[in-house]
Amino acid sequence: MERQALKRAREAFLSGRTRPLEFRLQQLTALQSMIKDRHTEIATALKQDINRSQYDTPLLELISLENEITLAIAKLAEWAAPRPVEKNLLTISDEVYIQPEPLGVVLIIGAWNYPWAVTLIPLVGAIAAGNAAIVKPSELSEYSSLLLRAMLPRYLDQDLYPVVTGGVTETQELLKQRFDHVFYTGSSTVGKLVMEAASRHLTPVTLELGGKSPCYIDKNCDLRVACRRITWGKFANCGQTCIAPDYILCEPSIQNRVVEGIRQTLLEFYGVDPKCSPDYSRIINQRHFNRVMSLMEGYTAVLGGQSDASQRYIAPTVLKDVSPHSRLMQEEIFGPLLPIVTVSDMDDAIRFISEREKPLALYIFCSDKKAIKRMLDETTSGGVTVNDVMIHYTLTSLPFGGVGQSGMGRYHGKHTFDQLSHQRACLVRSLGMESVNLARYPPQDRQRARRVRLALTSPMIDFSKRTYVWAVCVTIIAFGLFVTLLVILLIQ
Amino acid sequence: MDAQNQVVERLRSAFRSGITVPEGFRRAQLRNLLSLIKDNEQMILDALHKDLAKPKFEAVISEIDMVINELYHAIDNLKSWMQPEYVSKNMATKLDNCFVRREPLGVVLVIGAWNYPLQLTLLPMVGAIAAGNCAIIKPSEVSAAMERLLAELIPKYMCQDCYAIVCGGAEETKVLLENRFDHIFYTGSQKVARSILQAASVHLTPVTLELGGKCPCFIDDQVNMDAAARRLIWAKFFNAGQSCVAPDYVLCSRATRDALLPALRQALGAFYSEEPRTCPDLGRIATDRHWTRLMELLGRSRGKVVLGGESNQEEKYIAPTVVVNVEEADALMEEEIFGPILPILTVESVEEGIDFINRKEKPLALYVFSNNSSVITTVLEKTSSGGFCSNDGIVHMTLPGLPFGGVGASGWGNYHGHWGFETFSHRRGCMLRGWALEKINTLRYPPYTEDNLGWLRWTTSARKTAWNSCTVM
């Protein structure tokens with residue numbers, strides 16, 4: 001079944017249907033309608049999958065997805081246009097540019113925590129770039145996956161963008177086939193398997209993985225606001241967000257105030273009993289519920305800690321004085337447990353972070369600009385938000401992706417388009433001006449060689465912004481001087 | 001093999017110390033590399049001549065000058081490349097500081113190739129240094145003289161804690177790949193690329209693969225035959241055909257072929273004289289093994305040799321050879337030729353040529369010779385390839401503004417100029433927010449309400465109208 005879908009998609013791509021921009025715009029507009037028309041059904045599916053509240057869904061998923069589609073529609077012509085580059089003397093009368101082109105058939109493997117955003121935002125880029133795409137939503141978000149399979153063919157071209165559902169076996173079958181790009185969102189463990197499978201066909205991949213995203217709180221910052229922002233980010237979607245602040249690093253002197261700040265915020269957000277709040281989600285399935293619960297072994301929560309296996313409910317939980325060697329600190333938590341690990345100062349925090357794998361996101365709460373810069377300079381991560389959490393994800397002009405174990409490649413906005421395109425280098429010459437070319441042909445002598453060396457030195461024509469600004473300024477100054485000279489001469 | 005492990009560890013400690021990050025260090029190292037080339041130009045030429053009988057002209061413009069140009073380009077532009085890139089914001093982030101930082105990846109591995117042993121090893125190294133990484137360079141053992149020279153010179157000019165050369169063959173490379181790198185840059189064949197990619201997937205290491213393929217050259221009926229023939233001959237027999245972007249085979253109509261052959265004969269005679277074997281401007285095949293491979297392909301071919309065909313095993317010499325009556329299933333069409341043999345296949349129309357090209361794997365380069373710009377545009381639009389050049393060959397890769405790389409079977413990723421810098425950098429998206437405007441933030445906090453949702457949609461909207469309203473405010 002997977003093979004059939006791929007065959008049809010490839011034939012549809014080779015027919016050239018996706019090349020005209022009008023077609024791509026039409027598909028993107030249809031996708032836009034689908035999200036708008038069916039958002040109630042999508043919200044219902046998410047409620048069944050993960051007990052997502054009706055407001056959390058647009059907030060956390062649909063707004064960013066809609067913005068992506070709107071941006072792609074508005075900018076497609078600009079993104080797909082040839083991009084001129086600088087020339088040298090040899091190519092001075094030629095056309096030199098980069099032409100973005102579709103890759104072919106892209107495989108998009110979604111995840112279960114934000115099944116719509118994480119599966120469809122890559123699809124937006126794939127469509128915009130002129131590719132066909134096989135969409136494979138996660139089977140763990142079962143209702144969303146089935147809804148997508150039913151809905152997408154009603155709005156989009158059925159041959160070009162088929163939805164293939166299934167579990168591990170079906171995914172493995174898919175990965176045996178040859179694609180032109182594989183876009184995977186999920187865990188590092190499976191990411192390695194995806195890359196290994198793709199390597200057999202030399203298929204390039206984008207891997208959006210995870211890791212433990214550290215959250216450093218400086219002792220001299222507005223703790224109340226910091227705790228509120230962190231609480232929001234940590235417990236949204238019940239902590240099941242790849243860029244959720246995984247753990248807190250702070251000095252022992254402020255630990256209790258941090259706990260108090262979070263406690264107050266939790267009350268504001270979810271009331272006395274979060275279990276009754278319509279805005280608090282659940283763990284996706286029993287396996288993950290058990291996994292998260294077992295991470296707490298040996299620790300007593302200072303906030304929360306309650307659970308109800310029948311509902312897959314875990315209360316928003318905070319743990320103090322957590323040891324770096326505890327189970328909590330060995331794997332990505334991906335749940336509503338927030339450990340606080342104490343460090344002696346910012347240097348200690350930087351050391352702690354740098355000793356570990358590069359995370360997908362880093363959060364720094366600090367009022368001192370110099371200190372922030374130092375932390376940025378001495379650490380690395382996929383992305384950073386300072387004095388807030390997760391928001392860097394919402395700005396489409398920022399490339400979103402990991403580094404090291406947290407992933408490779410990036411997307412959002414134009415970056416998705418570029419990631420799923422081939423940037424083809426084009427040099428369009430004429431057969432005229434052959435006399436210039438004569439210097440490079442054999443038989444060779446010193447004089448000719450010198451001429452060719454000069455012609456190949458570049459850039460002779462530099463179209464960079466810096467040169468342009470310089471040229472404009474110099475022209476203005478020269479003109480000004482000329483006018484001054486004239487005035488002086490006329491006055492006399 | 002322990003030695004290799006130690007080398008990686010040494011470089012990793014150096015990277016961790018932060019020594020490669022400051023602009024001054026990177027610029028100094030780039031200047032050192034420039035001195036390496038300039039001080040030792042003659043030794044480099046000798047090594048290239050020993051490995052490939054490379055004529056001085058070719059060695060200078062396609063190896064030495066390419067590295068020098070790349071170095072100057074990097075030195076001149078390093079400062080601006082390293083600057084944070086400020087990005088456009090939406091209304092919710094208007095007061096925030098939003099930018100992209102380019103950060104080094106760590107310890108990278110560059111695996112060179114033997115056909116342009118200086119350039120293919122050092123050009124990626126320039127990008128790696130400029131981006132602030134430490135680098136292990138593994139030159140190809142096939143170009144042994146260059147390997148020895150680089151092993152001697154690099155430690156002399158470059159910071160030894162940050163840049164190391166590892167020599168050896170397939171076995172040594174396999175062991176080297178067991179180590180964890182932050183990026184692997186490989187130039188070579190598809191077969192080896194697969195095993196490199198597999199090794200990389202164990203550590204989730206990103207890769208750049210510069211591979212090859214059969215670069216088609218379509219010649220239209222309406223063409224300036226003499227100029228086309230000269231450019232084709234130049235591009236094909238440069239480095240004795242051992243270029244990843246050499247035009248591999250020609251597609252043209254029968255009539256064009258008949259007009260092309262005399263033009264080719266004339267160009268060959270003008271370039272390499274009537275006795276190419278004695279011409280100093282023609283290179284040789286790199287090894288006996290490659291020479292044998294090429295002769296075997298030629299032997300099995302069912303085409304007819306109309307120009308050249310002579311060879312000499314001792315010298316690893318093959319004359320510039322043109323073969324006609326070649327069919328799609330011919331031996332010469334089985335694999336990338338990578339030698340001075342040019343098959344000409346006939347197609348009766350542009351569409352037939354395009355279909356032929358699209359039946360095969362996406363090549364590293366695609367060439368079209370025509371006076372008719374609509375033919376060029378048609379071929380460009382209906383095919384795909386790493387790079388494209390009309391009415392010439394190879395020169396598109398001399399422009400540092402153009403990304404050089406393949407697509408599909410011809411490779412993954414690109415480099416040259418600032419593309420090399422980007423390849424070896426991590427683009428980190430940063431958003432620096434303030435403490436104020438917490439009131440606006442409350443829109444997103446629970447308990448959720450319909451009103452808040454509406455406002456939030458508006459402030460984070462990507463629509464142009466929202467932006468315009470903001471300027472009115």
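Proteins come first, then strands; the chains are lettered A, B, ... in the order of their sequence lines, and each starts at number 1.
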task: From the options B/Asp96, B/Leu432, B/Asn97, select the one residue that forms a side chain to side chain contact (heavy atoms under 4.5 Å, CB included) with A/Val386.
output: B/Leu432

query: Checking heavy atoms, do the side chain of A/Ser381, its backbone, both or neither come under 4.5 Å from chain B?
result: both

query: Is there a donor-acceptor pair under 3.5 Å between the side chain of A/Asn387 and the backbone N or O of B/Trp435?
result: no

- prompt: Can you find a pair of side-chain heavy atoms, one from A/His415 and one from B/Val100, that are under 4.5 Å apart?
  reply: no

task: Kindly compute the distance separating CD (A/Glu268) from OG1 (B/Thr442), expressed to the nearest 0.5 Å.
output: 10.0 Å

- prompt: For the atom pair CZ (A/Arg19) and CD (B/Glu381), what is the distance rounded to the nearest 0.5 Å?
  reply: 8.0 Å

- prompt: Taking B/Lys362 for the side chain and A/Leu103 for the main chain, is one N or O donor matched with an acceptor at less than 3.5 Å?
  reply: yes

query: Is there a donor-acceptor pair under 3.5 Å between the side chain of B/Arg428 and the backbone N or O of A/Leu376?
result: yes

message: Holding to salt bridge (Lys or Arg N to Asp or Glu O under 4.0 Å), I want the full list of residues that pass it with A/Glu95, two or more places apart in sequence or in another chain.
response: none

- request: For A/Thr394, check side chain to side chain contact (heavy atoms under 4.5 Å, CB included) against everything at least two apart and list the hits.
  value: A/Ile391

message: I need the minimum non-hydrogen distance between A/Glu101 and B/Leu380, along with the two atoms involved.
response: OE2-O, 4.0 Å

message: Restricting to non-hydrogen atoms, name the atom on B/Thr205 and the atom on A/Met195 that form the minimum distance, rounded to 0.1 Å.
response: O-CE, 3.2 Å

Euclidean distance, A/Lys87 NZ relative to B/Leu399 CG, rounded to 0.5 Å: 9.5 Å

